[in-house]
Amino acid sequence: MHVAHLSLADFRSYARAEVPLDPGVTAFVGPNGQGKTNLVEAIGYVATLGSHRVATDAPLIRLGAERAVIRTSVVDRGRSTLVELELTPGKANRARINRSDNVRPRDVLGLLRTVLFAPEDLSLVKGDPGERRRFLDELLTARAPRMAGVRQDYERVLKQRNALLKTAAMARRAGGGKGADLSTLEVWDGHLARAGAELTAFRIQLVAALQPLVAAAYGQLAPGGGDTALEYRSSFEGGLPTSREQAEEQLLNALQAIRKQEVERGITLVGPHRDELVLKLGPLPAKGYASHGESWSFALALRLASYELLRADGGEPVLILDDVFAELDAARRDRLAELVADGEQVLVTAAVAEDVPKALAGARFTVADGAVRRIDA
Ligand SMILES: Nc1ncnc2c1ncn2[C@@H]1O[C@H](COP(=O)(O)OP(=O)(O)OP(=O)(O)O)[C@@H](O)[C@H]1O
Ligand SMILES: [Mg+2]
């Protein structure tokens with residue numbers, strides 16, 4: 001698939017922008033802070049309903065404006081779809097698909113699929129477990145949009161169960177160790193185990209599918225650089241579950257076993273929100289051990305593997321490489337370029353034209369002073 005047109009109103013630094021795009025490689029080049037990342041961030045937002053840079057929508061709205069609009073025309077196997085999103089901080093987003101507003105924003109998921117590489121990806125390797133959980137969950141959603149619902153269900157149940165535990169913990173303290181009716185907690189245990197088991201089982205399947213692709217991509221980016229492994233670590237006991245049913249049973253048992261501690265601390269201590277994806281390079285975890293360059297190659301390998309996986313599902317995703325070449329040495333720069341060069345659409349940003357590898361020759365835009373101008377013939 002590819003984006004044939006991007007149109008922005010009051011998004012980030014842009015009052016207005018109209019950017020016609022072709023399949024193949026397109027590079028956006030311009031000095032720092034001119035709005036290159038803002039363009040690809042908007043495209044990524046349509047694919048994931050979130051920004052790769054910020055957790056809330058407020059920074060996406062142009063300073064002084066009330067709402068932002070992102071409009072993309074997406075062409076997938078010859079069929080064109082117009083996707084429009086209106087972002088108003090503090091309010092629910094509004095979506096339109098082919099000019100119909102009888103849709104929920106969630107319906108937009110799956111219409112545009114992207115794999116975005118960015119400097120922020122280093123935190124996939126070096127950052128907290130939450131970064132790696134989000135990576136898995138976003139990829140699950142890109143592969144199967146209904147996963148957005150599964151994630152939302154789990155978050156909702158977790159929030160309510162935590163609220164209940166917090167009240168219980170407070171009552172317990174006020175009552176000197178007694179008090180707090182916990183009869184409803186059992187109901188929430190059941191809800192949490194059901195929603196949590198589904199998410200856990202999907203993540204475990206995904207990790208198994210990713211593992212060989214990450215190993216292959218890492219080998220291509222850093223030949224002779226060692227073997228990678230991905231290890232999903234569940235926060236509850238009993239070995240990795242092999243089915244949703246088994247995960248549900250394990251989680252339910254774990255909740256019962258840890259109840260006392262949970263009521264003391266007023267928070268849910270087991271479940272997929274506490275699981276960890278361990279990235280290993282040789283026998284060691286990458287986090288805390290891998291060098292800067294190795295961490296970068298690992299992060300890129302995770303993205304490349306995502307790309308391969310989505311590609312194998314059918315409907316090539318759009319590849320976005322935001323400012324990644326400046327961070328790489330010449331050898332890895334060229335290898336990465338070769339690996340992505342034949343993508344249906346590849347969007348690249350770079351502060352200096354020389355950072356765009358030769359293998360990625362294609363259309364070129366300059367981004368400066370709020371304007372996006374096509375400069376090639
Ligand atoms: N909500 C907003 N309203 C107005 N301006 C904004 C908003 N959000 C970001 N900006 C401006 O956008 C600019 C950053 O744009 P962007 O991150 O796209 O730059 P870039 O071209 O990718 O730069 P670099 O080469 O450093 O990565 C900054 O100058 C910032 O002040
Ligand atoms: Mg940038």
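The first residue of the sequence shown is numbered 1, and numbering continues consecutively from there. Start at 1 and go down the list; that is how both ligands and their atoms are numbered.
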Sorted by chain and residue number, the residues with a non-hydrogen atom under 4.0 Å of ligand 1 are R12, S13, P31, N32, G33, Q34, G35, K36, T37, N38, R53, P59, I61, R62, L63, D323
Does the R106 side chain pair with the main chain of A148, one donor and one acceptor, at a distance under 3.5 Å?
no
R94, CZ: over 12 other non-hydrogen atoms inside 6.0 angstrom:
no
Who else is in L82's hydrophobic cluster (ILVMFWY, side-chain heavy atoms under 4.5 Å, direct or via others)?
none
With the threshold set at 4.0 Å, does a side-chain nitrogen-carboxylate oxygen contact exist between R156 and D153?
yes
Option among R67, R16, R62 that satisfies the salt bridge (charged side-chain N to carboxylate O under 4.0 Å, His left out) test with D10:
R62
If waters are left out, how many protein N/O/S atoms lie within less than 2.8 Å of the Mg ion (ligand 2)?
1
Identify the heavy atoms of G343 and Y307 that sit nearest to each other, and give their distance.
CA-OH, 3.2 Å
Work out which heavy atom in L304 is nearest to a heavy atom in L339; give both atom names and the distance.
CD1-CD1, 3.6 Å
Using a strict cut-off of less than 4.0 Å between a Lys/Arg side-chain nitrogen and an Asp/Glu carboxylate oxygen, indicate whether R333 and D355 qualify as a salt bridge.
yes
For R265, salt bridge (charged side-chain N to carboxylate O under 4.0 Å, His left out) partners two or more places apart
none
